[in-house]
*Asks:* 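Just dropping this structure here.
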Amino acid sequence: MTLRFFIALWASIFITGCAAAETKNSSDNDIEAFVEANILGIFFHELGHALIDIEGIPIFGQEEDAADALSIFLIDAFYEEEAAQDLAYDAALGFWAEAEARDQNGDGIAWWDNHGPDEQRFYNTICIFYGADPERREQFARDLNLPEERAESCVEEFDQINKSWGELIEDLTKRQSGSKLTLRASESSLSAETLQPEIDALNQEMSLSTALTVNVAPCGEANAFYDPEERAITMCLEFEDHLRALAKNL
Ligand SMILES: [Zn+2]
């Protein structure tokens, strides 16, 4: 991997976050870790949409799949092994939890949706992460029940993503100048606390063709989206409670 130089910086961010949660009991910690991991995973997914727009990247296939691929690619690239596995585990489980909640609500799979079914997003996430380092992640794949039939192709799947997203990210890190990300938070929140250090680290390492705003604010629904007209990602504060409910339901 070419992006390992990020690791030291990102690892220190993650460790700081963990220390802050030490006073709570372990089940509360597990829930908050799940919420943080998914806020991060969702942010990296939205960053995928933003980069596709801002950098004019051609996408062959579903943009949602490409954004999911970037999300788990960055978790692999930015974090040391233990932290990366913890984040990938919770980010994958986030999709499984959405599928469980959907079934409990009696809602069918939205085959018409531009996102793949949550079960598929769950396995895609595990497969790409496993494929990045199969020797160290065999137990990870086993814990999350990645079938052998799929596991066989995961190294190749990761390599393809490394050639597409990996090369773009490397290119962004080599730019001598360019625009940056700015966080705008309406109030203090776990989302803002989680994202500010990530955005600071991204800004230290890479430059974009145009400025990108990251809004953290209430929006009346548990959602996150990228608006190409505003060149802004919005992370809705309602997502935090939605993720907590999903974690408790797992
Ligand atoms: Zn999306």
Side-chain angles (χ1 to χ4, degrees), residues 34-78 87-88 90-102 107-129 157-158 160-161 164-166 168-169 172 181 183-184 191 194-195 198-199 202 206 208-243 246:
F34 175 91
V35 174
E36 278 184 50
N38 278 279
I39 288 169
L40 200 61
I42 292 161
F43 168 67
F44 286 154
H45 171 103
E46 298 307 327
L47 182 63
H49 289 302
L51 293 179
I52 287 165
D53 175 48
I54 289 172
E55 304 302 332
I57 304 163
I59 296 297
F60 305 99
Q62 290 271 49
E63 182 172 329
E64 293 301 334
D65 291 346
D68 279 350
L70 178 69
S71 179
I72 191 63
F73 179 85
L74 291 182
I75 287 173
D76 170 71
F78 290 165
L87 288 169
D90 277 340
L93 273 186
F95 293 121
W96 194 259
E98 291 282 6
E100 280 195 341
R102 180 203 66 216
D107 299 330
I109 295 173
W111 294 108
W112 46 263
D113 196 47
N114 56 358
H115 300 83
D118 288 311
E119 290 90 339
Q120 180 121 56
R121 299 176 78 186
F122 169 76
Y123 286 114
N124 287 346
T125 297
I126 298 162
C127 177
I128 294 164
F129 186 75
E157 291 185 49
F158 173 79
Q160 277 190 330
I161 291 158
S164 51
W165 278 120
L168 174 84
I169 299 295
L172 299 181
L181 293 87
L183 182 84
R184 288 212 185 112
S191 300
T194 304
L195 295 179
E198 300 294 329
I199 287 169
L202 284 167
M206 62 176 73
L208 308 180
S209 295
T210 62
L212 173 63
T213 304
V214 181
N215 296 311
V216 178
C219 29
E221 57 176 342
N223 205 352
F225 50 89
Y226 171 68
D227 179 346
E229 278 175 25
E230 301 282 330
R231 294 258 153 90
I233 291 170
T234 297
M235 302 286 293
C236 302
L237 283 174
E238 290 84 349
F239 232 132
E240 293 183 12
D241 281 343
H242 173 72
L243 290 167
L246 286 180

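Each ligand, and each atom within it, is numbered from 1 in the order the structure gives.
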*Asks:* For Phe122, enumerate each residue passing the ring-ring contact (aromatic ring centres under 6.0 Å, His included) test, keeping only those at least two apart in sequence or located in another chain.
*Replies:* Trp96
*Asks:* Could you please compute the angle at the Zn ion (ligand 1) from NE2 of His45 to OE1 of Glu64, rounded to 10°?
*Replies:*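 My answer is 90°, to the nearest 10°.
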*Asks:* From His115, does some N, O or S atom reach closer than 2.8 Å to the Zn ion (ligand 1)?
*Replies:*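 Under 2.8 Å: His115 has no N, O or S contact with the Zn ion (ligand 1).
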*Asks:* Going by atom types alone, do His45 and Glu64 pair a side-chain donor with an acceptor below 3.5 Å?
*Replies:*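 Yes, side-chain donor-acceptor contact under 3.5 Å.
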*Asks:* Return a table of donor-acceptor pairs under 3.5 angstrom between the side chains of residues 210-222 and protein atoms on other chains or two or more places apart.
*Replies:*
from: Thr210; atom 1: OG1; to: Arg231; atom 2: NH1; distance (Å): 3.4
from: Glu221; atom 1: OE2; to: Asn223; atom 2: ND2; distance (Å): 3.4

*Asks:* Between His242 and Glu98, is any side-chain donor less than 3.5 angstrom from a side-chain acceptor?
*Replies:*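 Looking only at side-chain atoms, Glu98 and His242 do form a donor-acceptor pair, the distance falling under 3.5 Å.
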*Asks:* Measure from the Zn ion (ligand 1) to every N/O/S atom of His49 and report the name of the nearest one.
*Replies:*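 The atom in question is NE2.
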*Asks:* Quick check on the Zn ion (ligand 1): does Glu63 put an N/O/S atom closer than 2.8 Å to it?
*Replies:* no
